[in-house]
Amino acid sequence: MPDPMRIRAQVAGPAATVRVLMSHDMETGLRRDAAGKVIPAWFIQEVTATHNGKQVLSAQWGPSIAKNPFMQFNVKGAKAGDKIVVTWKDNKGETRTDEATVT
Amino acid sequence: MNKNLLIAAVAVAAAGLAAAQTAPSGPKSAGDGIAEYRAMLADGNPADLFEAKGEGLWKTKRGPKAATLEKCDLGQGPGVVKGAFVTLPRWFADTQKVQDLESRLVTCMETLQGFDAAEIAKTRFGQGEQVNVTALATWVAAESRGLRFNLPQGHPEEKRSYEIGKRVFFFRGGTHDFSCASCHSEEGKRIRLQDLPLLTKNPGDGVGFAAWPAYRVSNGEMWSMQLRLNDCFRQQRFPFPGFGSEITVALGTYMGVNAKGAQSIAPAIKR
Amino acid sequence: MHSRREMLTQSATLAGLLASAGLVPTVAHAAWTPAAFEAKTMAEAVKALGGGTPVESKDITVTGPDIAENGAVVPVGASTTLPGVKRLLLMVEKNPSVLAAVFDVTEGVDASLTTRVKMGQSSNVFAVAMMGDGKVLFAVKEIKVTLGGCGG
Amino acid sequence: MKHLPSPTLASAAAVVALAAVGALLAGCATGPSEAELDRQALAAVQASFRDQGIAKVDRIKQDLGQSACSSDKPPSDAVAERISAQARATMKWPTGGQYFGDFREGERIAQSGRGMTWTDTSTATSANGGNCYNCHQISKTEISYGTIGPSLYNYGKNRGVTDIMAATAQPIVEYTWMKIYNGKTYNACSNMPRFGHAGLLDEKQMAHLMSLLLDPRSPVNQ
């Protein structure tokens with residue numbers, strides 16, 4: 001199973017700032033290994049975020065998102081104790097879901 | 001987590017973002033531009049991912065003996081993690097050796113969990129159990145964030161390790177005649193745009209020995225001090241230093257003792 | 001200090017339970033659009049995503065450093081204060097494929113996203129907003145990528 | 001004094017013996033002598049490194065210059081002079097007096113920091129860069145430069161070189177060649193690699209660097 005995400009969600013005025021770090025290689029498919037063999041593309045393609053169960057954001061990513069991806073966004077009206085859930089899915093079909101509580 | 005450091009980091013990051021959003025920006029020096037770039041990365045250090053993984057590993061029953069590392073003695077007594085990082089390398093009576101954080105972790109993995117220490121030492125960085133050693137080191141270091149380096153030098157072997165480390169630091173060799181000192185014995189120098197810490201004395205809070213383990217942006221890898229030293233020697237055009245070998249530990253003792261009083265920010269984020 | 005991993009593990013389990021109990025709506029992943037991620041230009045990428053001709057606009061903001069110390073990780077952001085934005089895109093002009101990310105935004109979030117991209121070389125970076133009324137607006141910023149380290 | 005040598009130390013027996021002698025001589029009150037520590041450090045270096053790829057352990061066998069410059073104190077004047085004398089004696093001037101090449105090639109070589117590490121596959125000079133920008137400012141347009149060495153921007157111009165073939169330019173041409181070939185000629189403990197002497201760059205590559213630094217048309221001299 002993929003390693004967990006790190007999600008921080010902190011109230012900032014009328015919204016909560018959510019910062020997400022994901023553990024992923026984000027291989028472009030353009031690199032070669034020491035033996036000269038192409039390293040196959042392996043990257044997160046889809047990301048979604050929900051706020052108390054309601055989807056607020058979805059994203060499509062290409063391989064040019066940096067390794068161990070970072071994403072930041074502001075959830076309107078989120079208050080301390082609210083739940084933020086983030087899910088990603090990569091091009092091999094692997095997926096990971098983690099949750100954070102707004103502080 | 002040290003509050004002041006956190007606040008400082010957030011302030012720097014915020015300043016970086018604010019600066020970045022001020023448009024149109026006037027001509028900025030390359031140095032300012034790089035500082036702005038670094039500030040923008042400071043908030044959201046992927047080292048967090050490795051720190052969380054390391055904490056999990058410490059508390060997970062693993063290895064042939066299906067044991068956790070919670071009884072591992074890092075020099076502060078069994079299971080005491082906080083404060084251990086800023087006192088390593090140090091002398092350990094059970095192994096009759098001066099050990100750095102990583103070699104000590106491997107000792108614990110052998111004695112408590114039944115892993116083969118020699119096998120781990122032979123494993124390449126970033127593979128097999130080495131991945132776990134790095135994650136563990138990242139977490140252990142993070143538990144001393146904000147504390148000041150204070151390596152013990154009371155044992156004759158600790159003093160000897162310092163003296164060996166000092167000599168190795170100045171040891172010139174390889175095809176290019178480089179030593180550690182070639183790059184790290186003068187104030188305010190840099191390679192390309194990277195500032196080089198002065199390592200013959202305390203280089204300041206969160207600089208040099210007080211910054212590693214660190215997340216390396218250039219390759220997206222978590223680098224422990226052993227790997228940091230290993231790659232220094234690679235770029236010195238030296239042969240390969242063994243993992244946990246006497247000189248790598250001695251260099252740690254030399255840098256750690258020199259850094260006395262420096263505040264640790266490890267795990268940091270680096271180019 | 002709390003155990004991060006325990007917290008996260010529990011969270012993951014909890015999320016799984018909630019999902020299986022039907023308490024979390026099945027999230028609608030935007031179907032990944034291969035043609036958009038194969039595009040070589042901004043116009044092609046926008047077209048593949050069903051948009052029209054992009055027009056430069058001062059109402060769109062692209063954030064990022066002037067200089068990146070390393071092209072492997074470059075912090076960039078797209079934002080706008082205009083109402084009615086449906087999608088925010090981030091693109092790197094000189095990357096093998098121009099499109100880096102598509103964010104479908106809702107009323108639940110600010111139209112302001114930050115992420116980190118890889119850049120093979122110094123390049124223009126575009127923030128593109130696809131609006132509800134069909135307009136496609138963009139902003140551009142040049143980011144220089146320096147050579148770093150001993151191996152440079 | 002109770003001296004506990006590390007069990008990992010190679011040639012531990014010899015070291016213990018030496019340590020014992022050292023301790024006796026030092027009268028037990030202090031740790032091992034400086035000379036004894038020097039020996040132990042050398043033993044630790046020999047025990048700690050192994051071959052990896054093209055980087056073999058023979059690289060830590062020091063020559064006079066390397067060992068004499070391996071401390072926080074400079075060598076004695078006499079030793080420094082011996083190092084420089086050796087450097088002068090082994091100096092090779094370019095075949096047929098071909099000091100110059102193409103400054104564009106020189107820029108490329110100056111930019112490259114590659115070569116001779118254990119992740120490189122060949123020790124051929126063609127695989128190596130000059131690492132110049134790692135330590136020096138050179139062309140004005142490259143902002144990513146190091147500061148371990150002096151700035152070389154306007155190197156030729158500042159030294160009044162208007163025609164690299166002129167007789168008046170000859171001394172600075174020869175000096176520059178020597179610095180690149182073996183900088184220990186002038187400074188026994190120079191930080192600069194001995195590009196010619198150590199076989200890191202061939203004559204052609206060094207000639208390209210000469211052009212980069214001295215040619216009035218080079219970006220360095222704009």
Side-chain angles (χ1 to χ4, degrees), chain B residues 29-31 33-34 91 95-98 103 155-157 159-179 181-183 185-186 188-196 200 230-231 233-242 244-251, chain D residues 1-10 31-32 34 37-38 40-45 47-53 55-62 65-67 69-72 113 115-119 123 131 133-135 143-148 184 189-194 198-200:
Chain B
S29 77
I34 295 293
W91 166 258
T95 54
Q96 292 284 295
K97 268 192 230 179
V98 174
S103 53
H155 194 282
E157 276 299 287
K159 289 200 187 91
R160 198 180 72 88
S161 183
Y162 178 87
E163 289 296 330
I164 300 286
K166 180 179 177 185
R167 283 158 177 78
V168 173
F169 186 85
F170 287 96
F171 185 94
R172 277 195 178 200
T175 54
H176 288 55
D177 306 332
F178 291 148
S179 65
S182 305
C183 290
S185 60
E186 272 188 86
K189 297 288 179 185
R190 56 180 220 219
I191 279 186
R192 289 279 186 169
L193 281 173
Q194 278 68 53
D195 296 319
L196 295 162
T200 56
N230 182 277
D231 202 61
F233 279 122
R234 184 182 70 84
Q235 297 190 111
Q236 270 174 249
R237 277 75 179 180
F238 272 46
F240 195 96
S245 56
E246 184 178 8
I247 59 126
T248 59
V249 174
L251 280 169
Chain D
M1 192 201 88
K2 199 174 159 201
H3 182 78
L4 297 160
S6 159
T8 58
L9 202 65
E34 291 288 310
L37 286 164
D38 288 348
Q40 291 185 12
L42 211 53
V45 165
S48 294
F49 288 98
R50 62 163 171 81
D51 290 352
Q52 175 84 4
K56 311 287 189 206
V57 289
D58 62 6
R59 291 188 181 186
I60 50 170
K61 260 180 74 181
Q62 296 176 304
Q66 289 174 331
S67 64
C69 299
S70 284
S71 131
D72 54 350
M116 304 303 265
T117 73
W118 68 62
T119 46
T123 56
N131 295 270
Y133 279 103
N134 285 350
C135 298
I143 58 164
S144 180
Y145 60 85
T147 58
I148 293 171
K184 275 69 173 175
C189 292
S190 167
N191 275 329
M192 188 152 144
R194 294 168 284 180
L200 304 174

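Only this structure's heavy atoms are used, side chains among them; waters, hydrogens and symmetry mates stay out. First the proteins, then the strands, lettered A, B, ... as listed; each starts at 1.
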Kindly compute the distance separating OG1 (Thr119(D)) from CG (Asp231(B)), expressed to the nearest 0.5 Å. 7.5 Å

I need the residue from Met116(D), Gln52(D), Lys61(D), Arg50(D) with the largest number of non-hydrogen atom pairs under 4.5 Å to chain B. Arg50(D)

Within a strict 4.5 Å, meaning less than it, do heavy atoms of the Thr175(B) and Thr123(D) side chains meet? no

Name the member of Lys159(B), Lys166(B), His176(B), Arg234(B) that forms the most heavy-atom pairs with chain D at distances under 4.5 Å. Arg234(B)

Got Ser70(D) and Arg172(B) here, is their nearest side-chain heavy-atom distance under 4.5 Å? yes

Heavy-atom pairs under 4.5 Å with chain B are the metric here; pick the option from Ser67(D), Ser71(D), Gly199(D) that has the most. Ser71(D)

For a 4.5 angstrom cut-off between non-hydrogen side-chain atoms, does Phe178(B) reach Pro193(D)? yes

Phe171(B) to Ile60(D) - nearest heavy-atom pair and separation: CZ-O, 3.4 Å

State, with a plain yes or no, whether a side-chain heavy atom of Tyr133(D) is found less than 4.5 Å away from one of Arg192(B). yes

Okay, side chain of Gln66(D), backbone of Gly174(B): is any donor-acceptor separation there less than 3.5 Å? yes

Interatomic distance, CD1@Ile34(B) vs OG@Ser144(D), rounded to 0.5 Å, equals 7.5 Å

Residue selection (most heavy-atom pairs with chain D, distance under 4.5 Å) from Arg167(B), Glu186(B), Gln236(B), Glu163(B): Arg167(B)

Can you tell me if Arg237(B) uses its side chain to pair, donor with acceptor, with the backbone of Gly115(D) under 3.5 Å? yes

Under 4.5 Å, counting heavy-atom pairs only, tell me which of Ile148(D), Ile143(D), Leu42(D) racks up the most with chain B. Ile148(D)

With only heavy atoms counted, which part of Lys184(D) is less than 4.5 Å from chain B, the side chain, the backbone, both or neither? side chain

Heavy-atom pairs under 4.5 Å with chain D, option from Ala250(B), Pro239(B), Gly173(B) with the top count: Pro239(B)

Check whether any side-chain heavy atom of Asn230(B) lies under 4.5 Å from a side-chain heavy atom of Trp118(D), and answer yes or no. yes

From the options Val168(B), Ile247(B), Leu251(B), Thr248(B), select the one residue that forms a side chain to side chain contact (heavy atoms under 4.5 Å, CB included) with Ser48(D). Ile247(B)

Residue part contacting chain D, namely of Ser182(B), when any heavy atom lies under 4.5 Å: both

Residue Asp38(D) versus chain B: region with a heavy atom under 4.5 Å: both

